[in-house]
Structure formats: structure tokens, C-alpha cells
Amino acid sequence: MLRPQQNSKRNLTSLNGVWDLELLINNDKSINKKVAVPASFNDLYTDDEIRTHSGKVLYSRKFRISDDWKGKNIFIYFEAVSYHASVYINGHHLGEHETGYTPFEFDLTKHINFDSDNFLEIIVHHHLTADTIPQSGFVDKEWIFNTHYPDVIFDFFPYTGIHRNVHLYTVNDSFLNNIKIDTDINATDGVVTIKGNIIGNASKVKISINEIQTEVLIKDNSFCETISIPEAKLWNVGEPNLYPLKIELFDSHGNKIDERLERFGIRKIEVRGNQFLINGKPAYFKGFGKHEDFPIIGKGNNDAVNIRDFELMKWINANSFRTAHYPYSEDILDLADEYGFLVISETPAVSLNFKFTTDKTLEVHKKALGELIERDYNHPCVVMWSVANEPQSQQKNAKAYFEPLVEQVKLMDQSRPVTMVSCFVPNDESMHLFDVCCINKYPGWYELPGQINAAKQRLDSLLEEVYQKYNLPIIITEFGADTYAGVHSLPAEMWSEEYQKDLILELIEVMRSKPYVIGEHIWNFADFRTSQNHIRCNGNKKGVFTRERQPKLVAHFLKEKWKN
Ligand code: BDP
């Protein structure tokens with residue numbers, strides 16, 4: 001499956017816009033609303049029972065198709081629907097998709113009307129259980145986060161809806177189905193290997209990278225070609241050199257039947273000893289754990305918000321972020337490629353609890369991981385896969401659970417390291433499986449509240465212990481303090497802008513004193529909406545920026561600290 005695009009052999013149209021929404025509250029009260037796509041529906045209305053609704057909802061709309069599309073195969077492509085989607089066209093059930101952050105598509109060709117309306121319906125269900133990724137819907141008495149409204153076991157609002165673009169597109173009977181681009185470096189040459197497969201019948205592809213052109217015969221519906229680019233301009237942080245790639249597909253009569261325009265960056269990643277090397281040079285991660293979250297639209301993809309976020313990350317001199325706690329939109333990865341940011345790309349497996357996981361949980365997790373790698377493989381910005389955030393990895397069965405997932409990553413992608421983000425080190429049972437140790441710790445906040453000096457000592461000894469135990473390079477993927485913008489205090493006290501600034505800057509000093517620490521990611525880039533509970537005031541306030549994307553005090557100091 002390839003992300004839809006308009007080109008000389010494909011048509012593309014958007015189904016974004018205003019749709020109809022129907023909700024069934026308590027199985028009897030039906031509510032009908034207008035709804036925006038893409039967006040979460042939760043914050044569009046004024047009613048709590050709609051905002052916190054977690055049953056099924058029905059999205060629907062009509063659309064017409066141009067006669068120009070007659071004779072083509074017509075597909076519908078959803079970039080993401082959260083959590084479960086069941087799709088119908090003109091009353092025919094097309095299929096289903098589970099997990100909320102990766103794309104899926106269906107062939108509509110047989111069911112489409114040309115001279116009348118087409119009626120599209122999606123039943124969207126956000127019901128999380130022990131078997132879903134992420135999990136929710138159970139109570140572990142030993143766990144502190146048991147009292148959320150709506151009730152979830154993770155710290156962000158369970159937004160629901162058609163969160164990303166919906167496209168209709170056409171292809172001919174034979175078409176390019178998948179393309180994988182691998183890059184390597186040989187002295188000053190860039191070495192690019194392009195693999196692909198096709199559906200239908202075709203005889204050759206023509207591959208063009210700027211003025212370099214080559215033709216490759218198709219065998220067993222697939223092709224593979226390696227091309228050297230002399231004096232290659234490499235892709236790296238802040239040096240987002242991208243090459244255009246054109247692949248044209250021809251039938252046995254020499255007619256062009258499909259085309260694909262891609263771009264790629266030449267770069268090589270290695271984890272060697274304590275170091276994370278990009279193109280042979282050590283990289284240090286400065287940046288954030290983020291969220292897809294914004295007022296009114298919730299988790300809906302929005303180009304303007306995405307660009308503002310990248311401009312802020314550039315302004316503050318960050319070089320990287322983690323897609324906490326799920327795969328982000330394809331538009332965000334395109335921007336990261338173009339701005340030259342390093343991305344740690346994460347599956348939606350947040351807060352796994354192995355007391356409740358089942359075979360089905362692992363199966364859904366594997367599928368979500370596979371879909372993520374498949375989707376993001378060709379993005380140079382993605383430098384590492386994260387299989388999970390803060391699982392209960394102090395539990396004995398964590399290792400057995402993660403083994404097949406790490407194996408799956410290694411099978412699908414030999415070019416990138418794999419990590420898991422743990423809050424249980426040094427008691428983590430599974431960290432030995434991974435290439436990089438990612439740690440979330442909150443000294444000075446959840447532990448040792450208000451005590452910055454003691455927090456520094458705690459972090460120092462923890463880092464030493466963790467490094468001794470796992471012997472892996474370490475990224476601190478979360479640390480920070482909730483901070484209500486506008487609250488000030490001298491001496492610095494929790495929740496004030498001064499406390500956030502002092503704590504973050506002091507903890508960074510500790511991290512930088514350890515040669516094996518290869519990154520500092522603050523939690524969070526911006527404030528974000530959570531479920532309601534007694535430790536959150538209008539959501540999580542650990543943002544360096546407010547939810548509206550304005551800087552708190554610490555931002556100005558980080559900008560200085562992250563220069564160079
Ligand atoms: C970590 C989680 C993150 C939370 C954060 C916090 O990974 O999702 O938002 O703590 O408590 O445990 O702010």
C-alpha cells in the first residue's frame with residue numbers, strides 16, 4: 001500500500017470536510033450532529049455526554065465521482081481513524097481496521113455509482129480493553145492512575161474520530177504497490193537500493209534520480225535496483241538534503257501505466273558502544289516528547305498547527321522528537337524530513353500491563369508495529385523505532401512479551417535501532433533486548449517534589465546504576481514539571497514557571513556529565529488535554545509551550561542551552 005498521490009497516471013481527491021455524525025447514548029437516545037473531518041469529535045460540542053462518549057458513532061457523507069474516473073480502479077484511503085473503523089459504501093461492507101494511528105484502504109470499484117450519489121458510512125468505535133493497543137478498561141489495584149474520567153490507563157484524552165485525511169484515488173489495472181528505499185554510504189558515494197512490488201502485469205520500471213536513469217525488468221511481480229550517486233549530499237539533522245525519485249511502470253507494449261514520485265535522504269545509522277552515529281558522527285538528541293493535541297480539533301491533523309510546531313522546535317534549537325505515544329500523521333513526518341529533525345517513531349502501545357495482556361493484545365501490537373514500519377520506512381527522519389512507552393516492564397513476563405516484537409523489527413528493518421521507553425529501570429526485565437535505553441523519570445516532580453538538589457543526586461545515581469546494568473546508550477525521553485503559565489514564585493516552587501526552568505536546566509547538567517547519555521527529551525513540547533483527575537488541572541501542564549503554542553519561561557533558556 002502506498003500513500004495516495006496525484007500524478008500523470010493517478011487521480012486523487014479529498015473527502016475531508018463536513019460530514020454527518022450520529023451517536024447513540026445509552027442505547028436509546030440518538031443525537032445527530034455535523035462533524036469536521038479531520039478532527040476528534042469530542043471537543044466540538046457543548047455536552048459532556050458527547051465529549052466523553054466511548055461507544056459506537058456513525059460518520060457518514062455523500063460524494064459524487066467524475067465520469068473521467070470510469071474504467072479506473074477506485075480506492076478509498078484513510079490516514080487514521082481512532083480506534084476501530086468499520087467501513088460501508090452504498091450499503092456494502094468493505095472491511096474493518098483496528099488501532100487508531102496507521103492508514104488503511106479499500107477497493108471501491110465494484111460498488112461505485114457514476115450517475116448518482118455514493119453513500120459512505122464509517123462506524124467508529126473507541127472501546128479499549130485488555131486486548132487492544134493501547135489497553136484500558138481494567139483496574140490494577142497496585143497502579144496509581146485508577147481514577148480517570150473518562151477512564152483510561154494513560155495520561156492523554158481518549159480522543160475519537162476520523163483524525164486524518166480521507167482520500168479517494170485511482171489506479172490502472174496494474175500498479176506499483178509498495179516501494180522500499182534503503183541507503184548506504186561508500187566513501188563519497190551515496191548507495192541507494194530501491195525495491196518494489198506491483199499488482200497486475202507489467203514488464204519494466206524506469207527509475208530516475210535527477211539525471212541518473214536506469215531501467216529494470218520486473219520478475220515475479222517485483223524489482224530491485226542499486227544506484228550509486230557520486231559526491232552525494234547526505235541527509236542529517238539540520239541538513240535535510242532530499243533527492244527526488246521517480247519510478248515509472250511500463251507494460252509489455254512500452255505504455256506507461258503507473259508512476260510514483262518519492263524523495264529520499266541518504267544517511268546511515270549505527271549504535272556503536274555508547275554512541276548513536278548518523279553518517280559516522282555521534283548524534284545528541286535535544287527535544288521533546290510531543291502529542292498530537294490542539295484546542296477544539298483534539299487529535300485532528302492540522303497543517304497550520306504542524307508548521308507552527310516545527311517553527312517553534314527550530315526556534316528553540318531542538319533537533320528531535322518522539323512520537324509519544326503513537327504514530328503521528330504522515331504530514332508531520334514529511335515536515336520532519338524537510339526540516340531535518342530526528343524522529344523516534346513509537347507504536348500506540350502505551351502503559352501495557354502484562355497482568356492483563358492476552359494473545360490477542362500481542363497480535364494487535366504486532367500488526368500495529370508492522371503497519372508503522374511499513375508506512376514510515378522511507379522517511380530519513382525516522383532514526384529509531386520505539387515498541388512501547390512505559391509498559392509495566394518490572395513484571396517478569398515483560399521480556400517474553402517483547403521478544404517477538406524486537407524480532408519483528410529486526411526482520412522488517414535492518415537499518416534502524418529499536419528501543420522501548422521505560423519508567424522502571426533499573427528494575428526493567430526487558431531492557432537487555434533493546435539497542436538504546438530510553439528512560440522516563442521525574443525527580444523533582446513525582447519523586448522528591450520541590451527538591452531540585454536532591455533530584456539531581458537521584459538522577460545522577462540512577463543513571464550510573466542503569467548504565468552499569470544494561471550497558472546501553474541512554475536517552476532521557478521524559479523529565480519535567482507541570483507548570484501553569486503565568487504562575488511565578490521566588491524562591492521557585494512547584495507549578496511556577498521558575499521551578500520548571502530551574503529543574504529542567506539543572507537536570508540537563510547531570511545528563512550532560514554522563515558520556516553515555518545521548519539525549520535529553522523534555523516532557524512535553526506543549527500542554528495537552530488529559531482525562532480529568534486530581535493531579536491534572538485543565539490537562540497536563542508539563543509543556544515548554546502552552547497548548548496554544550506560546551513559550552513559558554523555560555523556553556527562552558532552552559533556546560540558549562540548545563544552541564549548537
Ligand atoms: C509519563 C507518561 C506520560 C505522562 C507523563 C506525566 O509517559 O504519558 O503524561 O508521565 O505524568 O509517565 O506527565
Side-chain angles (χ1 to χ4, degrees), residues 100-101 128 133-136 140 142-148 150-159 287-293 298-299 321-328 344-353 386-395 398 419-425 427-428 431 437-449 455 458-459 462 474-485 494-495 499-500 503-504 507 519-547 552 554:
Y101 304 93
L128 302 179
I133 294 290
Q135 294 180 297
S136 263
D140 182 348
E142 288 160 42
W143 190 232
I144 48 166
F145 280 109
N146 278 324
T147 47
H148 282 243
D151 193 12
V152 282
I153 61 163
F154 44 82
D155 185 36
F156 52 93
F157 193 88
Y159 280 118
F288 305 96
K290 285 184 95 266
H291 259 301
E292 289 184 315
D293 173 272
K299 290 206 172 310
F321 62 93
R322 175 170 60 113
T323 70
H325 296 310
Y326 37 79
Y328 289 2
I344 301 172
S345 191
E346 190 158 280
T347 74
V350 50
S351 309
L352 278 172
N353 189 326
S386 161
V387 295
N389 177 77
E390 294 196 357
Q392 296 275 308
S393 47
Q394 84 288 16
Q395 294 169 353
T419 189
M420 182 271 285
V421 176
S422 175
C423 61
F424 286 104
V425 288
N427 301 319
D428 191 296
M431 193 47 84
C437 174
C438 286
I439 304 181
N440 295 350
K441 282 285 170 185
Y442 288 91
W445 191 255
Y446 295 120
E447 25 167 7
L448 300 167
R458 175 68 58 86
L459 181 64
L462 175 85
I474 296 174
I475 302 178
I476 315 297
T477 30
E478 288 187 26
F479 65 107
D482 280 276
T483 306
Y484 219 97
M494 292 173 78
W495 291 94
Y499 188 80
Q500 182 188 37
L503 181 69
I504 286 177
L507 293 180
E520 52 202 46
H521 273 182
I522 295 161
W523 190 255
N524 187 285
F525 169 75
D527 295 345
F528 58 92
R529 167 81 76 204
T530 63
S531 288
Q532 297 176 58
N533 65 70
H534 60 274
I535 63 164
R536 297 284 173 254
C537 177
N538 191 24
N540 187 307
K541 295 289 179 196
K542 293 197 185 69
V544 165
F545 297 94
T546 62
R547 200 175 185 217
K552 296 184 193 167
V554 67

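Counting starts at 1 for both ligands and their atoms, in listed order. In this chain, residues are counted from 1 in sequence order. Reckoned from all heavy atoms, side chains included, excluding hydrogens, waters and symmetry mates.
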Under a 4.0 Å heavy-atom limit, does [X] contact ligand 1 with its side chain, its backbone, both, or neither?
X: W445; value: neither
X: Y446; value: side chain
X: N440; value: side chain
X: R536; value: side chain
X: N540; value: side chain

Is there a donor in the side chain of [X] and an acceptor in the side chain of [Y], or the other way round, less than 3.5 Å apart?
X: D527; Y: N538; answer: no
X: N427; Y: Q394; answer: no
X: T530; Y: D155; answer: no

Do ligand 1 and W523 have nitrogen or oxygen atoms that lie under 3.5 Å from each other?
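Yes, at least one N or O pair falls under 3.5 Å.
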Please check whether N389 reaches ligand 1 - meaning an N/O of the residue sits under 3.5 Å from an N/O of the ligand, judged on distance alone.
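So ligand 1 has an N or O lying under 3.5 Å from an N or O of N389.
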Can you sort out the partners of H291 under ring pair (Phe, Tyr, Trp, His ring centres under 6.0 Å), two or more places apart, ordered by chain and number?
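Residues passing ring pair (Phe, Tyr, Trp, His ring centres under 6.0 Å) with H291: F156, H325, Y326, W523, F528.
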Verify, without hydrogens or angle tests, whether Q392 (side chain) and F424 (backbone) share a donor-acceptor contact under 3.5 angstrom.
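Judged by distance alone, no pair lies under 3.5 Å.
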Answer yes or no: is there a donor N or O on one side and an acceptor on the other, between the side chain of K441 and the main chain of C423, under 3.5 Å?
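Yes, the answer is positive, given that a donor and an acceptor are paired below the 3.5 Å cut-off.
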Give the C-alpha distance, both sets of side-chain angles, the deciding distance and a yes or no for side chain to side chain contact (heavy atoms under 4.5 Å, CB included) between E478 and E390.
CA-CA 11 Å; E478 288 187 26; E390 294 196 357; 4.1 Å; yes
Does F528 reach ligand 1, in the sense of a heavy atom lying below 4.0 Å from it?
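Yes.
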Of all the heavy atoms in Y442, does at least one lie under 4.0 Å from an atom in ligand 1?
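Contact check Y442 vs ligand 1: positive.
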Please list, in number order, the atoms of ligand 1 under 4.0 Å from a heavy atom of [X].
X: E390; answer: 1 (C), 2 (C), 7 (O), 12 (O)
X: K542; answer: 6 (C), 11 (O), 13 (O)
X: H325; answer: 3 (C), 7 (O), 8 (O)

Classify the angle between the aromatic ring planes of Y499 and W445 as parallel (below 30°), tilted (30 to 60°) or perpendicular (above 60°).
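Rings of Y499 and W445: tilted, 30 to 60°.
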